[in-house]
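First the structure, in the form of structure tokens, and then the observations on it.
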Amino acid sequence: MENEQDHENVEQNLCAKTTEEELNKSFNLEASLSKFSYIDLDKELEFKNDLIDDKEFDIPQVDTPPTLESILNETDDEDESFVLEDPTLLNIDTIDSHSYDTSSVASSDSGDRTNLKRKKRLPDSFSLHGSVMRHSLLKGISAQIVSAADKVDAGLPTAIAVSSLIAVGTSHGLALIFGKYQNQALRLCLGSTSVGGQYGAISALSINNDCSRLLCGFAKGQITMWDLASGKLLRSITDAHPPGTAILHIKFTDDPTLAICNDSGGSVFELTFKRVMGVRTCESRCLFSGSKGEVCCIEPLHSKPDLKDHPITQFSLLAMASLTKILVIGLKPSLKVWMTFPYGRMDPSSVPLLAWHFVAVHNYVNPMLAFCRGDVVHFLLVKRDESGAIHVTKQKLLHLYYDLINFTWINSRTVVLLDSAEKLHVIDRQTQEELETVEISEVQLVYNSSHFKSLATGGNVSQALALVGEKACYQSISSYGGQIFYLGTKSVYVMMLRSWRERVDHLLKQDCLTEALALAWSFHEGKAKAVVGLSGDASKRKAVVADRMVEILFHYTDRALKKCPDQGKIQVMEQHFQDMVPVIVDYCLLLQRKDLLFSQMYDKLSENSVAKGVFLECLEPYILSDKLVGITPQVMKDLIVHFQDKKLMENVEALIVHMDITSLDIQQVVLMCWENHLYDAMIYVYNRGMNEFISPMEKLFKVIAPPLNAGKTLTDEQVVMGNKLLVYISCCLAGRAYPLGDIPEDLVPLVKNQVFEFLIRLHSAEASPEEEIYPYVRTLLHFDTREFLNVLALTFEDFKNDKQAVEYQQRIVDILLKVMVENSDFTPSQVGCLFTFLARQLAKPDNTLFVNRTLFDQVLEFLCSPDDDSRHSERQQVLLELLQAGGIVQFEESRLIRMAEKAEFYQICEFMYEREHQYDKIIDCYLRDPLREEEVFNYIHNILSIPGHSAEEKQSVWQKAMDHIEELVSLKPCKAAELVATHFSEQIETVIKKLQNQVLLFKFLRSLLDPREGIHVNPELLQISPCITEWFIELLCQFNPNQVIETLQVLEGYRLEETIQITQKYQLHEVTAYLLEKKGDIHGAFLIMLKRLQSKLKEITHQDENTKEDPSLKDIEDTMVETIALCQRNSHNLNQQQREALWFPLLEAMMAPQKLSSSAAPHRHSEALKSLTMQVLNSMAAFIALPSILQRILQDPVYGKGKLGEIQGLILGMLDTCNYEKTLLETTTSLLNQDLHWSLCNLRSSVTRGLNPKQDYCSICLQQYKRRQEMADEIIVFSCGHLYHSFCLQNKECTIEMEGQTRWTCYKCSSSNKVGKLSENSSEIKKGRITPSQVKTSPSCHPSKGDPAVKKATSEPVLDPQQIQAFDRLCHLYRGSSRLALLTELSQSRGSESSRPFSGSQSGPAFHSIFQKNFQLQLIPPPATED
């Protein structure tokens, strides 16, 4: 954390009437700033120990602080446009043309006076920090600059330097010296226009520390020194540096006899001023030669008087920025370079900037150098160690999103940046937060471009320096004493930080009251940035800000009431106050001013009923979070009444339990709570208001006891009351307050005793004669037995083991037993709860309770009574809980098991057997219990697999499982099979023998062998013999013949011959055919299918003509489709003769019924049979030649003797199919050739297109390519737009080997992606990292033979990476997946071009779905034409 040199922490006068008065005040303050100690101030901000006192630092007092009304009514002077009294002063016709180089680049339109209003700030930073900078025009100086240009031909302003005076240099060689005070009067006019004609324009100015000397540098290289007291010329220096170069910078050091100058040749010289024998001389020494790199910015370290003894000042440090690096050198005691820091790669047109400032880090004040070029600011901390050496350490970088042209420290924490668009950015250095952005284009900033180009001496400068000079404005901006001065073409502006009051008031003027309060609160908390004007210790500062915030809050309240809409809906008024009132409440509570909130603020808001209501509602969240205590009785009463009126009773209850209600009318509040069912609030009022803990219980008991005693069902409201009663009793007995907090410690024992005594009362107050004894305990037991006993159990835990506590426990146990055991109106569950509670208490090691054991036997009889079959599961569960809670010690175990078995309490039996490790008996318990019988499998699995059980126990369990195997299989065959396979896979045959029932055996084997049943066992671990599998197949043929083929497809481990015999035995012909095909006997399988088909055709041919519907036609079609599929599956592997042996018998079988029916009396299914015959013909056409099919049809004796018309349909159908396929093939080929040609044309045009470079200089050496023409070097341009010399690329190793060829790679595009890996990663090629280049060879050079760029093309063409990338992209675009996409492509018309088929190779790459590897074109014949 850094301390800060906040030398601007000065109270500014807020009563300024004019801008001049404001500035004069500011300048007067600046004069007193020298008294500040930088070290003390830095430590003050870090430690807050050394308090600043107004008198000590001569800070002027404000006589009468301005009122809020005066600030709000005052016009904002700084926003008024500046208009000169004499419009003719703006006439610039007389100004010479050379001066135009100083005009602002970014504000060429700023002659329009309306542009002066364009101050744009970022809305977020403005609302957060307000206006941080005050932006003012120095009217007096500005008017005199314009007047001087007009009346004495001074020319345009070119440079400015500021100390206690303001010096402005002009383009005609004059230096105008103005005072800061007395209305900025012109003190001196140094030089003359005649000398200006000889020396050129003033290009640089510098004033020494005591403001006694002025150095002027000129555009033609001369330097003059002036006495600022007398206005005399002291020195005129013409030989300090090489002639013909302009002075870019001239700077005094802290030593008044030593100055530094920098010329347009890029050299830096040290000037030493001496006076020998009354003669003033100047000695020059070159510190840096421009031949080694051109310096364009210099900055000596200046220390304030308070820091003149700092150890680092003896070195007289100087920072210099060249075009490639930063240097820090020491001029004393001898010249030494302390640091060099090279730039990274950056825009060559960006301006190097340097700025020193002293900052405090870790309690030590040291200089920090900020340097930047482009959009990154580096901070370097410079320290001197004990040995006398200087160390430079890097600090946090500042990354920006704009290009900088100026960097100025305004104090050690705040910097002001100017970007190339002429926008000011105020930034907090430590947090890097942007506080404000101001556009200053109206300044019409002067640029130093002509001096960097050295136009006055013929322009003999490097292009690199001239490029930097385009944006250079070093001499136009000067800072002094926390103020920054900007020189425009006709004006001078000053910027300074506003005081904290000004920032708040500025927001008030703009009617941003909420933002003003937020900003003031940030000052109050010490979180604001760039704070000026707050002095003293933390408490003093907070008090000052708090007073200001209170004033604003009063105004805010008045404004809220005044701005309230008088007419309109009530919702509009509510919304208005909901936006405004919470702000008042928030800040009053933040400032801890409840007195203000509940007196003046509340009184003001109470004038409006809506505002009053919103105010009261705003208090709710603070009350509920206990942040607001000590509300006045009046407000508390109004609050409750308001919520009551709005019917928000739940909110009232929540508020009451968080408030101190001792100041309210207790009886009235209790009555309201009872009427509105606010039981929590009622209990709270009784407890807190009257220390009464019994009355609330009595009131609640009176409501819930009568219906419970009468056996009626409680209403929801009564259930809520009963639950609250239980919680309340629990809290009282535990010493906690209800509903929140704790009972005072001195009251805890008293409250516990009172509640216990109340609960165990024999009779209630005002009891009727019929009332049973112990009414309160009885009521709670009836209401919720389990929860009431839980409350008692918790209470017993808290009791100390003293005599009184033991008596209380025993007494209440006796009462519970008396109430429950002697009454029959309690359910078994309720009785069980009581004895479970007692068993837990008796099982404790420190138990002191006594309960008669016979009572437990009575309970056992009660729960296991066989004459009562109702609530069986409930009674079993209750007894189980009782045993698990430790009650088992109260019973004889053998009797318990007998009674449990008799009552069919199998879970109780399991519990008992588990204790005796009789696991095999537990299996019987599961199998006999209908609710849990399916859990037996998991139980057996756990016993057999979990370690910890003996072998004998496991064996007994398995034996019991084997005895009940039929039960287990009938229960869940899948689980039974999984159990056998997991634990006893070698005993499967034994299990099968035990299963006598064939249906159960079938289910078991299906679960074991069929993988679709979901058994989770690795089949490789099951050693199952083939005969078992075949046994299963035989059972499958018996019980589920339709599933045989599907099962055989997934089944393994059966023998084909034996299985075929089984299927033949059961006459499953399809299955036999499937097995024969699997065996390889295709013909045998075909004959079986053909025989089935012929038999079904025979049936349909000889059937009765009178039957209306034929059920076997669908069977014929299914059988035929299966037969066709058999032929199609196997035709690929058969020769022509074997194919004919399959297909022709099938065709003849389908045609046979048609032969029998005469043409005169056709069969009624002849049309359907013809359709099926066509299906056979279309299917066989893919495997049998068409001539063979036609020959076979025509040779048929029936068709051969008959007329051609009988087979016309068959032949025409085949011909149509042939034409359809031919047309489809031609169309597809045409489309593909056309697409290929179109794609290759596009690819060729994109590859041969010329490249357009982004810049005209090499991206590595930053030299323009034209200047390297004398060297035999090539220019390489990449498609990304970057341009390089081939020599530079070779030095950066930007070549890679690809497919035996050397390829260039773009250095900029590939440097961040590890060039070395590019050859390994082909995906990089597609992203454009490796791009083809165009080579421009200079006329004087000849390409070498080995240059890959000019090698002759090899016989086999090779695509370069960009072609490959484009080609892949085309393939990707045309790759489809669905047949719908294919049909869409085929159906789309290609216009006139589609009629021109392309001849060409079809071996080229494929773009359409048709050419995917996995695509198969399936043709469907056209519909049969009608005869």
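Residue numbers count from 1 along this sequence. Atom set for the values below is all heavy atoms of this structure, side chains included, hydrogens, waters and symmetry mates excluded.
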Note, L1172 side chain near V1176 side chain (heavy atom, < 4.5 Å) = no
Determine the minimum heavy-atom distance between D1081 and G1084, stating which atoms define it.
-> OD1-N, 2.9 Å
Is the side chain of Q1290 donor-acceptor paired with the backbone N or O of F1287 at a distance under 3.5 Å, no angle test?
-> no
Within the distance-only criterion (no hydrogens, no angle test), does the side chain of S1245 pair as donor or acceptor with the backbone N or O of N1242 below 3.5 angstrom?
-> yes
d(N1130 CG, L1142 CG) to nearest 0.5 Å is 7.5 Å
Judged by atom type as modelled, is there a donor-acceptor pair below 3.5 Å linking the side chain of T1072 to the main-chain atoms of L1068?
-> yes
For atom NZ of K1091, decide whether the heavy atoms of other residues, nucleotides or ligands shown that lie under 6.0 angstrom number more than 12.
-> no
dist F1183:CZ -> H1132:NE2 (nearest 0.5 Å) comes out at 4.0 Å
For E1070, salt bridge (Lys or Arg N to Asp or Glu O under 4.0 Å) partners two or more places apart | R1092
Rounded to the nearest 0.5 angstrom, the CD-CZ distance for Q1061 and R1055 is 9.5 Å
With R1006, which residues qualify under salt bridge (Lys or Arg N to Asp or Glu O under 4.0 Å), at least two apart?
-> none
Taking atom OG of S1179 and atom CG of L1147, what is their separation to the nearest 0.5 Å?
-> 11.0 Å
With the side chain counted from C-beta on, respond yes when F1086 and L1126 share a heavy-atom pair under 4.5 Å apart, and no when they do not.
-> yes
Beyond-backbone contact of C1294 with Y1284, side-chain heavy atoms, under 4.5 angstrom | no
Determine whether more than 12 heavy atoms belonging to other residues, nucleotides or ligands lie under 6.0 Å from atom CZ of R1129.
-> yes
Can you name the closest pair of heavy atoms from A1073 and A1085 and give their distance?
-> O-CB, 3.3 Å
Do E1140 and Q1136 pass the side chain to side chain contact (heavy atoms under 4.5 Å, CB included) test, and can you show the C-alpha distance, the side-chain angles, and the key distance before you say yes or no?
-> CA-CA 6 Å; E1140 290 180 0; Q1136 188 66 27; 3.7 Å; yes
Between S1259 and Q1255: side-chain donor-acceptor atoms closer than 3.5 Å | yes
Where W1143 and C1127 come nearest, the two heavy atoms and their spacing = CZ2-CB, 3.4 Å
Can you check side chain to side chain contact (heavy atoms under 4.5 Å, CB included) on M1150 and L1093, steps first, answer last?
-> CA-CA 9 Å; M1150 291 304 301; L1093 182 62; 4.0 Å; yes
State whether the side chain of S1230 and the backbone N or O of E1226 hold a donor-acceptor pair below 3.5 Å, judged by distance alone.
-> no
Apply side chain to side chain contact (heavy atoms under 4.5 Å, CB included) to the pair F1144 and I1184, showing each step before the final yes or no.
-> CA-CA 9 Å; F1144 283 137; I1184 309 293; 3.9 Å; yes
Stepwise, does the side chain to side chain contact (heavy atoms under 4.5 Å, CB included) test hold for L1289 with W1304?
-> CA-CA 8 Å; L1289 273 184; W1304 295 106; 3.7 Å; yes
Partner set under salt bridge (Lys or Arg N to Asp or Glu O under 4.0 Å) for D1118, not counting sequence neighbours = K1114
Which value, rounded to the nearest 0.5 Å, describes the distance between L1097 atom CG and M1120 atom CE?
-> 10.0 Å
Rounded to the nearest 0.5 Å, what separation is found between the NZ atom of K1292 and the CD1 atom of I1260?
-> 6.0 Å
Kindly indicate whether the side chain of I1062, heavy atoms from C-beta on, has any atom under 4.5 Å from the side chain of Y1054.
-> no
Specify the closest pair of heavy atoms between R1244 and T1248, including all atoms of both residues, with the distance to one decimal.
-> O-OG1, 2.9 Å
Closest non-hydrogen atom pair between S1286 and I1276, with its separation | CB-CD1, 3.6 Å
Looking only at heavy atoms, the pair that brings P1145 and A1141 closest together is CG-O, 3.0 Å
For the residue pair I1060 and K1079, establish whether any side-chain heavy-atom pair is separated by less than 4.5 Å.
-> yes
